[in-house]
Amino acid sequence: MSAPPSPQSPVSQSSAPRFTGADLLAPTAFFLGALLLAAALAVGPIIGDRFRAIPSDVDVTWVADGSSSSRILDRCSLNAPTARVLDAQVQQRRRIVVVRPSDADIVTFQAGTSLGVNRYVVDGKSVKAKDVCAEQTLAATIDRVTLDRSTALTSGTSEVQFDDKKGAVTIPERRGYTYVFPYGVEIGDRPEYFDVTTRQSVSLLRAGTETIEGRATIHFTATTPDTDLSQFDTRAVITKPASWFGTFPNVAPTQTLTATLHHSSQRDLFVDAATGVVVDERVTVSEEYRFADSAADRSQALANYRLVNIDATFTGDDRSRQDGAAAAAARQRPVTLTTVTAPIVFGVLGVAALAGGVYLNRRERDSADR
């Protein structure tokens, strides 16, 4: 019997082929190219849509100066023998911040709005407001509303506080946009605007386009019809002797009369066409006291009586417009990066990687043929 071959014998050694680094270059290039092309297709739908949602870090201040022809009721004349309406320099301020609850699907805005007077015109002279009346705040509200981060429509609770001495009032079935619009301003055929003062939704009409601070905006208008605010707020009622309101035929000066506050407004919103951010805003407010029907029926003079509470047009200042444009640019930037820039870069790199894989594969075949 012959002895088994020695371990050192050439017969026992295997000669299995091994891949070199050069052999792996082409498959790696193909894999990398396919991965980059897949990323180019997926990054927009997967990541870009998240940035289209309303941001969770909104903190915006809007300042609007009243027109030079603004007129208001002197608040201190409420305790005087007669009512007094004065020309005034007024300003409206609003700050919007995000509060709880807020998560991946919803965001809650808290908007504090105040209307104040800076100066009065008395006997043709401009006088500081505090030298005329200590009450410089004409109106103030705190509005809290929970929105769907994609549609910008109410998705939860809504409440408004009109009186700092009373709790907030719940607004059921709130409809329409107020402070922000959805990304791309996709708002349907019959959009609405929710007016906080009168607690009602009104039609939102498209009035054209306009460029503001370098941003292309859509101009919307919303008209709030004449509304008696006494149905919501007891502060919108004044009961005084007739002499306080003025002089009326066949009405005794000591006769008690009751007037209620009526509000109407015309609002212009300039909404960034790409992002839904309100870049600029203009609103004309008309508020006046009128006598209740029971009193007006007794006299034509009473029926025609109007006592101005606020008559002014407010336009956002330069800083507010600049901040609005900057907010729109900031909201658009990550969307553009993830839906346009990144897909293009990934796509170009992916094609380049595939082309490199094809070139390396052909070169390897040519080398083998030799």
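Small disclaimer: the values here were computed from a predicted structure and weren't measured. This chain uses plain numbering: 1 for the first residue, then up along the sequence.
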Q. Passes side chain to side chain donor-acceptor pair (under 3.5 Å), Thr224 versus Ser265? Steps please.
A. CA-CA 5 Å; Thr224 302; Ser265 65; 3.3 Å; yes
**Q.** Full working for ring pair (Phe, Tyr, Trp, His ring centres under 6.0 Å) between Phe220 and Phe181
**A.** CA-CA 11 Å; Phe220 291 102; Phe181 288 71; 5.7 Å; yes
Q: Might you work through the side chain to side chain donor-acceptor pair (under 3.5 Å) test for Asp226 and His263, ending with a clear yes or no?
A: CA-CA 5 Å; Asp226 182 272; His263 172 99; over 6 Å; no
Q | Pair Arg119-Ser126, side chain to side chain donor-acceptor pair (under 3.5 Å): steps then yes or no | A | CA-CA 6 Å; Arg119 304 184 72 86; Ser126 179; 2.7 Å; yes
(Q) Run Tyr305 and Phe248 through ring pair (Phe, Tyr, Trp, His ring centres under 6.0 Å) and show every step you take. (A) CA-CA 9 Å; Tyr305 179 80; Phe248 308 98; 5.4 Å; yes
Q: Please assess Arg199 against Phe232 for the test side-chain contact (heavy atoms from CB on, under 4.5 Å), listing each intermediate value before the final yes or no.
A: CA-CA 9 Å; Arg199 312 183 197 182; Phe232 308 124; 3.4 Å; yes
Q: Check step by step if side-chain contact (heavy atoms from CB on, under 4.5 Å) holds for Leu269 and Arg267.
A: CA-CA 6 Å; Leu269 300 170; Arg267 191 174 301 271; 4.0 Å; yes
Q.
Does Leu153 form a side-chain contact (heavy atoms from CB on, under 4.5 Å) with Leu147? I'd like the steps, not just the answer.
A. CA-CA 5 Å; Leu153 294 173; Leu147 306 174; 6.0 Å; no
(Q) Could you walk me through whether Val90 and Phe314 satisfy the side-chain contact (heavy atoms from CB on, under 4.5 Å) test, starting with their C-alpha distance in whole Å, then the side-chain angles of each, then the deciding distance to 0.1 Å, before giving a yes or no? (A) CA-CA 9 Å; Val90 292; Phe314 299 93; 3.5 Å; yes
Q.
Apply side chain to side chain donor-acceptor pair (under 3.5 Å) to residues Thr258 and Thr239 and explain how you reach the verdict.
A. CA-CA 4 Å; Thr258 297; Thr239 300; 3.1 Å; yes
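Counting only N and O atoms by type, the side chains of Thr146 and Ser155 include no donor and acceptor under 3.5 Å apart. For Ser158 and Arg174, the side-chain atoms include at least one donor-acceptor pair closer than 3.5 Å. There is no side-chain donor-acceptor pair under 3.5 Å between Gln92 and Thr113. For the 3.5 Å distance criterion, the side chains of Thr198 and Thr227 fail to qualify, holding no donor opposite an acceptor.
Note that OG1 of Thr209 and NE2 of His219 are 10.5 Å apart. Values are rounded to the nearest 0.5 Å. Taking CG from Leu261 and CG from Leu307, the interatomic distance works out to 9.5 Å, rounded to the nearest 0.5 Å. Interatomic distance, Phe162 CZ to Arg235 CZ, rounded to the nearest 0.5 Å: 9.0 Å. Rounding to the nearest 0.5 Å places OG1 of Thr137 at 8.5 Å from CG of Leu115. Distance check: Glu287 CD to Ile310 CD1 gives 4.5 Å after rounding to the nearest 0.5 Å. Rounding to the nearest 0.5 Å places OG1 of Thr154 at 11.5 Å from CD1 of Ile106.
Counting only distance, with no hydrogens or angles, the side chain of Thr338 and the backbone of Thr336 share no donor-acceptor pair below 3.5 Å. Side-chain atoms of Ser320 come within 3.5 Å of backbone N or O of Val63 as a donor-acceptor pair. Side-chain atoms of Ser286 do not come within 3.5 Å of backbone N or O of Ser264 as any donor-acceptor pair. A donor-acceptor pair under 3.5 Å links the side-chain atoms of Gln231 to the main chain of Asp228, judged by distance alone. Counting only distance, with no hydrogens or angles, the side chain of Trp244 and the backbone of Pro253 share no donor-acceptor pair below 3.5 Å. At least one donor-acceptor pair closer than 3.5 Å links the side chain of Asn304 to the backbone N or O of Gln300. Of the possible polar contacts, one joining the Arg149 side chain to the Ile54 backbone as a donor-acceptor pair under 3.5 Å is found. Side chain of Arg331 to backbone of Arg52: a donor-acceptor contact under 3.5 angstrom is found. Between the Ser299 side chain and the Ala301 main chain, a donor and an acceptor come within less than 3.5 Å of each other. Panel note: side chain Arg75, backbone Leu73; a donor-acceptor pair is recorded below 3.5 Å.
Aromatic pair Phe245/Tyr289: ring centres not closer than 6.0 Å.
Between Lys125 and Asp123 there is no salt bridge, since none of the side-chain N atoms of the basic residue sits less than 4.0 Å from a carboxylate O of the acidic one. Here Asp59 pairs with Arg95 in a salt bridge; the nearest charged N to carboxylate O distance falls below 4.0 Å. Between Arg321 and Asp318 there is a salt bridge, since a side-chain N of the basic residue sits under 4.0 Å from a carboxylate O of the acidic one. Salt bridge status for Arg290 with Glu288: present, with a side-chain N to carboxylate O gap under 4.0 Å. Checked for salt-bridge contact, Arg215 and Asp272 meet the test: a charged N lies under 4.0 Å from a carboxylate O.
More than 12 heavy atoms of other residues, nucleotides or ligands lie within 6.0 Å of OH in Tyr193, so this atom counts as buried by the packing criterion. For Gln266, the CD atom is densely surrounded, since the number of other residues' heavy atoms within 6.0 Å is greater than 12. Other residues, nucleotides and ligands place more than 12 heavy atoms under 6.0 Å from the CG atom of Asp131. Atom CZ of Arg319 is surrounded by 12 or fewer heavy atoms from other residues, nucleotides or ligands within 6.0 Å.
Here the closest heavy-atom approach between residue Tyr177 and residue Ala152 is recorded as CD2-O, 3.7 Å. Contact between Ala29 and Gly356 at its shortest, heavy atoms only, is CB-C, 4.4 Å. Between Cys133 and Asp74, the closest heavy-atom pair is CB-OD1, 3.6 Å. The two atoms that bring Ala342 and Val43 nearest to each other are CB-CG1, 4.4 Å, heavy atoms only. The two residues Val185 and Ala273 come nearest to each other via the heavy atoms CG2-O, 3.5 Å. The heavy-atom pair separating Ala129 from Val117 by the smallest distance is CB-O, 3.4 Å.
Placement of Val308 and Leu229 within a single hydrophobic cluster is found when ILVMFWY residues are connected by side-chain heavy-atom separations under 4.5 Å, directly or transitively. Val180 and Val283 end up in different hydrophobic clusters when Ile, Leu, Val, Met, Phe, Trp and Tyr side chains are linked at under 4.5 Å. Placement of Val358 and Val351 within a single hydrophobic cluster is found when ILVMFWY residues are connected by side-chain heavy-atom separations under 4.5 Å, directly or transitively. Hydrophobic clustering (side-chain heavy atoms under 4.5 Å, transitive across Ile, Leu, Val, Met, Phe, Trp, Tyr) groups Leu32 together with Leu349. Cluster membership for Tyr120 and Val285, using ILVMFWY side-chain heavy atoms within less than 4.5 angstrom, is shared.
In this structure, Gln161 and Thr141 have side chains that are not in contact, with every pair of non-hydrogen atoms separated by 4.5 Å or more.
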